[in-house]
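A quick write-up on the structure given underneath.
Per chain, numbering begins at 1; letters A, B, ... match sequence-line order.
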Protein chains: 2
Amino acid sequence: MSKLSGEKTSVTMQSVAAAAGVSPMTVSNTFRYPERVQEETRQKVLRIAAELGYVPNYAAGNLASGQSRVIGAVIPSIKNSSFYNYVRGMQDAVASEGYELILKLADTQRNETAAIETFVGLRVAGIALVGDEHEEQALRLMRKTGVPVVEAWVQDAPFDMAVGFSTYEATRALVDLLLESGRRHIGFIGYAGAASRRFKQRMPAFRERLAAYGLRSDLVHLVDETDGFGAGPKALEGLFRLDPDLDALLCPTDIVAAGVVFECGRRGWRVPEQIAVVGWGDYEIASEITPALTTLQPNTYQMGQAAMRMIVERVKGDESAGKIMDTGFEVLRRDSVSWTSEPMRGISTVTA
Amino acid sequence: MSKLSGEKTSVTMQSVAAAAGVSPMTVSNTFRYPERVQEETRQKVLRIAAELGYVPNYAAGNLASGQSRVIGAVIPSIKNSSFYNYVRGMQDAVASEGYELILKLADTQRNETAAIETFVGLRVAGIALVGDEHEEQALRLMRKTGVPVVEAWVQDAPFDMAVGFSTYEATRALVDLLLESGRRHIGFIGYAGAASRRFKQRMPAFRERLAAYGLRSDLVHLVDETDGFGAGPKALEGLFRLDPDLDALLCPTDIVAAGVVFECGRRGWRVPEQIAVVGWGDYEIASEITPALTTLQPNTYQMGQAAMRMIVERVKGDESAGKIMDTGFEVLRRDSVSWTSEPMRGISTVTA
DNA sequence: TAAATCAATTGTAGCGCTACAAATGCAGAA
DNA sequence: TTCTGCATTTGTAGCGCTACAATTGATTTA
């Protein structure tokens with residue numbers, strides 16, 4: 001008797017088999033390979049199993065077969081909504097493949113490693129991570145066990161497989177949009193400290209693009225990732241001091257952008273007329289504040305789906321090591337950028 | 001050889017034992033009951049295990065012992081931030097107890113049942129749910145297996161154990177706050193449809209309290225839970241039509257409240273002078289918009305902690321069935337309610 | 001009619017680990 | 001010196017399930 005269930009008796013495959021008058025293997029097959037079992041037999045087994053309240057023990061199945069139908073995903077945060085669609089995409093994809101998704105939250109690399117250890121300990125079928133910065137210990141572990149790993153929000157040099165979009169291209173598209181709208185004094189808000197690669201490629205893209213058009217590319221202000229809305233006011237202050245003619249702002253997230261918009265309101269600056277504001281991430285707030293935020297929408301739902309599919313295909317035997325999928329992005333043009341002034345010549349906006 | 005690991009060889013307890021020149025049981029004890037193993041032996045085993053890259057197989061351990069160090073939590077949503085601190089509390093609590101927390105997302109009761117089935121299949125040590133409305137199938141399953149279950153945001157009649165706060169008391173405290181601030185035409189925004197019990201007790205509390213002071217208690221408007229910010233404008237429109245003297249609004253979440261504030265801005269109505277707005281949940285946006293929202297802050301971090309502790313204690317053998325913990329709440333007074341007019345006589349605000 | 005074929009079912013072994021009881025070895029007591 | 005008590009270590013059995021090979025029995029083919 002299982003200790004887990006305390007005084008309750010536990011229903012095993014054995015007991016179901018006995019009650020149904022078949023062998024344990026027939027019960028096993030009924031659940032794992034229904035097509036191997038005759039319709040009539042299968043119905044009987046299912047009925048008895050339901051009556052007895054049988055719940056397959058995944059731990060035992062996993063141990064016996066060396067296989068698992070559980071995939072683990074590590075999510076850096078649920079504080080903001082940017083991972084909502086990513087998780088939904090994963091959920092929907094695994095459901096249609098007959099797998100299960102379990103999540104672990106890890107806000108630091110240390111915790112990510114712990115989460116990976118748990119998943120490996122559970123012998124999951126695959127692991128989905130966000131970003132490409134992991135502790136050496138985590139890398140060793142994944143390398144050693146050979147568990148399929150997908151990194152989301154990653155475009156190059158994956159540990160195993162990756163799915164993402166080019167933040168370089170995306171930033172370029174946003175800068176081009178601002179140039180097209182007639183802005184010439186464009187500020188950039190970046191994250192200071194150990195912010196992940198997800199943010200790293202943006203600043204170079206920003207600088208190169210502006211430099212290419214002979215414009216100031218040094219209007220950069222770094223804020224703390226944990227500041228949330230509060231980062232907006234700080235950055236606005238800092239950038240305005242660098243260039244009083246500041247007429248556009250590229251923000252690292254819609255949250256920061258919303259903070260900027262609120263602060264502009266407090267200062268009586270009109271958005272978008274005086275200052276155009278561009279967010280990143282298509283958070284819910286982006287479409288709800290006034291003016292609605294022009295922002296970058298990564299196809300995170302598709303990213304989640306793709307991540308799960310890659311793992312399932314690998315399990316099925318595809319030789320997919322090193323595979324990278326690009327799920328693209330879209331620039332959502334909304335009211336926080338206006339097209340009133342003369343566009344920069346030679347600019348044409350890329351939107352996907 | 002495990003099929004999971006493909007062509008890599010898998011390191012088992014056996015191989016560690018052989019390499020360290022001890023029996024498998026000593027390796028097992030080293031990990032599970034370190035105090036049973038001599039310091040010297042333990043160090044050697046740990047060193048060898050690290051060198052070989054050994055990762056304990058939880059599935060096997062679970063099967064052999066009937067115990068698990070993994071606790072599963074079902075979260076209804078990560079779309080908004082209200083569960084952030086709840087999850088953090090759970091994480092911190094399990095970490096200090098030597099357990100692991102895994103999450104599953106379930107936005108419907110159907111999905112919740114599926115999540116519970118997965119957790120039961122994995123033979124987790126306990127399950128944390130949100131709310132007290134579950135499918136019959138889920139209840140049967142939990143009853144049958146006897147797995148420890150904690151319901152969060154629940155105050156009475158738990159399935160097994162519960163942790164929460166009184167939404168009745170909380171609503172009363174908010175109504176009293178508005179009465180104290182001098183409001184007399186208070187509107188209530190509720191959720192229509194199958195919104196959970198988390199919302200159900202609020203309307204009666206609202207009505208009773210207003211009725212007790214001889215004020216209108218029928219200024220109620222129901223909105224769709226999925227509307228987000230958009231619910232604000234709809235409700236404002238509906239309630240204003242019921243009573244043009246409307247001077248305060250109780251919202252089901254800070255998101256809806258923010259929607260109301262934004263809409264007031266569009267209509268040129270001043271908050272809080274013309275209309276006081278009260279939110280619920282202490283979302284990040286509540287302190288960032290202008291005016292900052294007066295809102296109700298449930299101690300969700302403490303709720304998460306308490307939930308995990310209850311499960312761990314149950315596993316340790318405490319007879320804790322039916323246990324209920326109250327983690328309380330706080331009313332955060334901010335700018336969206338002002339104290340300009342004469343207070344209702346006899347009112348004194350309760351804040352925890 | 002006998003042999004071959006095939007779908008459906010079954011027995012056996014073992015996945016990696018831990019509970020439990022048994023064995024070992026060593027200090028101090030008699 | 002032998003015995004007892006104790007900390008430490010070790011065999012053994014088995015958790016619940018599935019891979020795989022073997023078996024059964026009905027149907028088809030020669």
For atom [atom1] of [X] and atom [atom2] of [N], their distance in whole Å:
X: R123(A); N: dC17(D); atom1: CZ; atom2: C1'; answer: 17 Å
X: L122(B); N: dC17(D); atom1: CG; atom2: C1'; answer: 14 Å
X: Y58(A); N: dC17(C); atom1: OH; atom2: C1'; answer: 21 Å
X: N62(A); N: dT18(D); atom1: CG; atom2: C1'; answer: 11 Å
X: L63(B); N: dT18(D); atom1: CG; atom2: C1'; answer: 12 Å
X: Q67(A); N: dC20(D); atom1: CD; atom2: C1'; answer: 14 Å
X: Q14(B); N: dC17(C); atom1: CD; atom2: P; answer: 8 Å
X: K44(A); N: dA8(C); atom1: NZ; atom2: C1'; answer: 13 Å

Exercise for the section: Before accepting this row, confirm whether a basic side-chain N of the pair D107(B)/R88(A) lies closer than 4.0 Å to the acidic partner's carboxylate O. Expected result: no
Fill in the blank from the handout: side-chain hydrogen bond (donor to acceptor under 3.5 Å, both in side chains) filter on T113(A), not counting sequence neighbours, yields E135(A)
Practice task
Give a yes/no on whether any side-chain N or O of S65(B) is located under 4.0 angstrom from OP1 or OP2 of dC15(D).
Solution key: no
Practice task
Please check the phosphate of dA19(C) (OP1 and OP2 only) for any side-chain N or O of R32(B) closer than 4.0 Å.
Solution key: yes
Problem - S65(A) side chain vs G61(A) backbone, donor-acceptor pair below 3.5 Å - result: yes
Exercise for the section: Would you confirm whether K144(A), through its side chain, and L52(B), through its main-chain N or O, come within 3.5 Å as a donor-acceptor pair? Expected result: yes
Exercise for the section: Would you indicate what Y33(B) reaches in the nucleic acid, counting non-hydrogen atoms under 4.0 angstrom: base, sugar-phosphate, or nothing? Expected result: sugar-phosphate
Problem - Pairwise distance CD(Q302(A)) to CE(M325(A)) - rounded to 0.5 angstrom - result: 10.0 Å
Completion exercise
Residue pairs passing the salt bridge (charged side-chain N to carboxylate O under 4.0 Å, His left out) test with at least one member in residues 45-72 of chain B, sequence neighbours excluded, are R47(B)-E51(B)
Any N/O pairs under 3.5 Å between the protein and nucleotides 8-11 of chain D? List them or say none.
residue, atom, partner, partner atom, Å
dT9(D), OP1, Q38(B), OE1, 3.4
dT9(D), OP1, T41(B), OG1, 2.7
dT9(D), OP2, Q38(B), N, 3.2
dT10(D), OP2, S23(B), N, 3.0
dT10(D), OP2, S23(B), OG, 3.2
dT10(D), OP2, T26(B), OG1, 2.8

Problem - Ring geometry between F83(A) and W153(A) (parallel below 30°, tilted from 30 to 60°, perpendicular above 60°) - result: perpendicular
